[in-house]
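See structure below.
All values below come from the heavy atoms of this structure, side chains included, with hydrogens, waters and symmetry mates left out. Positions are given from 1 along the sequence.
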Amino acid sequence: MESLALSDTEHLIVSYVQSHPPEESMLDKISTGTGKSRATVLKYLEALHAKGILDFRIIGRNKLWMVKQAPLPGIVSKSQPAASPGQEQARLLSAARELYGVKVRERELGRVIDQPDTLVAAIDEELNIIFSNNTFQQRFSGAADFGRLLSRPDVTEMRKAVLAACAGDTVSLELNLGESTGIFRAYKLSLSPASADMRGIAAIVIGEDLTDLKRSRRDLESLLYIIRTAGEARDEQQLLKGTLKGIRERLLHYTHAVVYLDGSRIAHKSQNISAETLDSCWSLADQTARSLESISAPAGGGKNTDYLLAVPIIGEEKPVGALVLTLTAPACTTDVENLEIVADEIAGALKSLRLDREKAEYVNTLLAVNRVSAVLNETRDEAGMLERSIASTMATLGFDMGCVYLKECGNEMAMKVHKNMPESLYSMCLSGKFKALFDRALQERRVIHITRDTPEYAELDAEITANGVSTILVLPIVAGDEIVGLLNMGSRSYKPYSRMSLDNIASIGLQLGLALERTRLATALEEQANKDLT
């Protein structure tokens with residue numbers, strides 16, 4: 001039997017069968033031992049049997065394969081006598097030297113073929129990947145079958161190109177390769193014939209990344225339009241609405257869109273989106289926020305929706321939200337990269353809006369301090385002082401509801417003034433459901449600031465969120481070293497405050513406490529004077 005007459009795969013299979021007893025030469029074990037698929041091994045076993053090289057015995061449902069002819073040159077059968085110690089040492093020494101030379105040459109060739117954005121792979125007639133460069137392995141981790149990277153129509157085109165390469169032709173074609181579920185990158189593939197000594201290889205594939213070429217001038221103009229729209233937005237809703245409109249009309253048509261911010265808060269969503277699709281959107285948004293990578297997956301529901309695409313919104317190297325689109329076709333890498341650029345602009349615009357809002361709120365806190373000071377200087381009776389102070393503070397800072405508690409005998413807090421309190425929240429105040437929040441303010445002796453993006457918000461009573469309260473402030477009223485009361489306010493608007501703004505707000509409690517102490521002292525002195533006169 002001439003070994004040169006066999007292909008590389010045939011030689012591998014014969015070597016395995018020749019070096020193993022029949023009971024270890026069943027189809028499954030040959031497939032495992034050679035690293036080839038069952039279908040590939042079965043095809044070559046039948047071919048080798050037809051050539052008269054292999055034979056088999058049927059035991060039960062299994063075929064036990066064995067070599068029919070003499071052993072192949074260079075293959076040691078288990079039945080052959082062992083070499084002498086001296087011969088074995090010389091053989092190992094020679095093999096080690098040869099292996100070292102091969103490894104050095106392999107590293108040199110690896111540096112040659114490892115070009116950025118260029119794929120290099122060798123495939124057989126069945127599109128199995130025999131070897132590939134690092135760029136290929138990084139983009140298609142674990143890929144063993146080139147056909148699995150292609151859509152079904154593209155597999156047919158690829159097989160035609162491989163047959164042409166086997167016939168000696170060099171073929172070029174443009175195909176989309178799937179880097180992940182539902183996300184494809186465009187490549188220009190060149191298939192060249194393998195050399196005569198490359199047994200088992202049908203073609204060498206070299207792929208050029210076409211991503212930058214696929215980004216058209218219209219894409220760039222659309223991105224500039226969306227970026228300008230984001231920069232001109234006056235608030236969060238205008239930002240998201242304008243940006244998503246630009247995506248749909250200029251970049252990528254989608255069926256539905258959902259934007260999550262501050263964890264799980266839905267900042268924007270399309271109308272008529274089903275609950276099932278919304279659940280799938282949130283699941284993918286959570287994944288993309290954790291991984292900080294764009295993810296595509298089959299949609300969970302909707303007749304016209306085939307894919308979900310989630311892109312993280314990243315601000316200052318941490319996730320601030322996610323953009324999820326429902327699509328009727330897989331997204332190419334250019335689409336994904338365009339959306340990632342838009343997501344970065346959304347993150348930048350949100351930060352700019354937040355800083356502008358904090359700046360405006362800081363100015364408002366200074367104004368609130370001045371106005372409360374004026375109120376306290378003009379008012380002497382306690383009830384009027386409390387009513388005018390809370391009304392002034394709410395109006396200046398833009399809060400919708402509020403109340404004032406003061407300590408009475410036994411250090412129990414009692415509500416003295418309330419303004420615009422919904423009946424449900426007023427009842428909660430009277431029933432003591434805010435006691436834990438009040439106790440915290442008393443214990444920590446500082447302003448408690450809770451918004452929808454703080455962990456404490458999730459711990460609030462459901463009735464509070466049902467009333468649409470997005471921001472809560474609880475500030476101690478301090479007289480000397482003692483906390484004599486609490487001023488509490490709620491807003492349906494999201495109000496972020498910097499530490500300096502909170503310090504300004506805390507000074508309102510100090511002013512009110514001082515004014516209360518002065519008023520009570522004046523009242524006590526007046527009462528004492530009246531007693532002395534009588």
Is it the case that the side chains of Ser424 and Ser427 hold a donor-acceptor pair, with the cut-off being a distance below 3.5 Å and no angle test?
no
Determine whether [X] and [Y] make a side-chain contact, defined as any pair of heavy atoms from C-beta on separated by less than 4.5 Å.
X	Y	answer
Ile129	Asp145	no
Thr288	Val311	no
Leu309	Val324	no
Ile273	Val258	yes
Met428	Met421	no
Leu175	Leu150	yes
Arg185	Asn176	no
His418	Tyr426	yes

Counting distance only, does the side-chain N/O of [X] pair as donor-acceptor with the main-chain N or O of [Y] below 3.5 Å?
X	Y	result
Thr379	Leu376	no
Ser389	Met385	yes
Thr396	Leu367	no
Asp114	Asn134	yes
Ser352	Gly348	no
Asp461	Ile464	no

Are [X] and [Y] close enough for a salt bridge, meaning some N to O gap below 4.0 Å?
X	Y	answer
Glu387	Lys416	no
Glu316	Lys351	yes
Arg139	Asp117	yes
Lys419	Asp400	no

Within the supplied structure, the quantity of interest is the number of heavy atoms (other residues, nucleotides, ligands) at a distance under 6.0 Å from [X] [atom1]; does it exceed 12?
X	atom1	value
Lys241	NZ	no
Arg520	CZ	yes
Glu444	CD	yes

Fit a plane to each ring of Phe434 and Phe438, take the angle between them on a 0 to 90° scale, and name the class: parallel (under 30°), tilted (30 to 60°) or perpendicular (over 60°).
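Because their plane-to-plane angle is under 30°, the rings of Phe434 and Phe438 count as parallel.
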Thr519: partners by side chain to side chain donor-acceptor pair (under 3.5 Å), with sequence neighbours left out
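Applying side chain to side chain donor-acceptor pair (under 3.5 Å) to Thr519 gives none.
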Contacts of Thr471 meeting side chain to side chain donor-acceptor pair (under 3.5 Å) (sequence neighbours excluded), chain-then-number -> none
Cationic tip of Arg265 above Tyr260 ring, under 6.0 Å, 45° of axis
no
Report yes or no: is the cationic atom of Arg248 (NZ for Lys, CZ for Arg) under 6.0 Å from the centre of the six-membered ring of Tyr254, at an angle within 45° of the ring normal?
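Yes, a cation-pi geometry holds between Arg248 and Tyr254.
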Table please: side-chain donor-acceptor pairs of residues 490-497 below 3.5 Å, with sequence neighbours left out.
| unit_1 | atom_1 | unit_2 | atom_2 | d |
| --- | --- | --- | --- | --- |
| Ser491 | OG | Ser493 | N | 3.0 |
| Ser491 | OG | Ser493 | O | 3.4 |
| Arg492 | NE | Asn467 | O | 3.0 |
| Tyr494 | OH | Asp453 | OD2 | 2.7 |
| Lys495 | NZ | Leu397 | O | 3.0 |

Show, in sequence, the C-alpha distance, side-chain angles and deciding distance for Arg250 and Glu221, and conclude whether the salt bridge (Lys or Arg N to Asp or Glu O under 4.0 Å) test is met.
CA-CA 9 Å; Arg250 295 172 176 264; Glu221 291 175 347; over 6 Å; no
Does the side chain to side chain donor-acceptor pair (under 3.5 Å) test come out yes or no for Thr243 and Glu345, once each step is laid out?
CA-CA 9 Å; Thr243 302; Glu345 291 302 319; over 6 Å; no
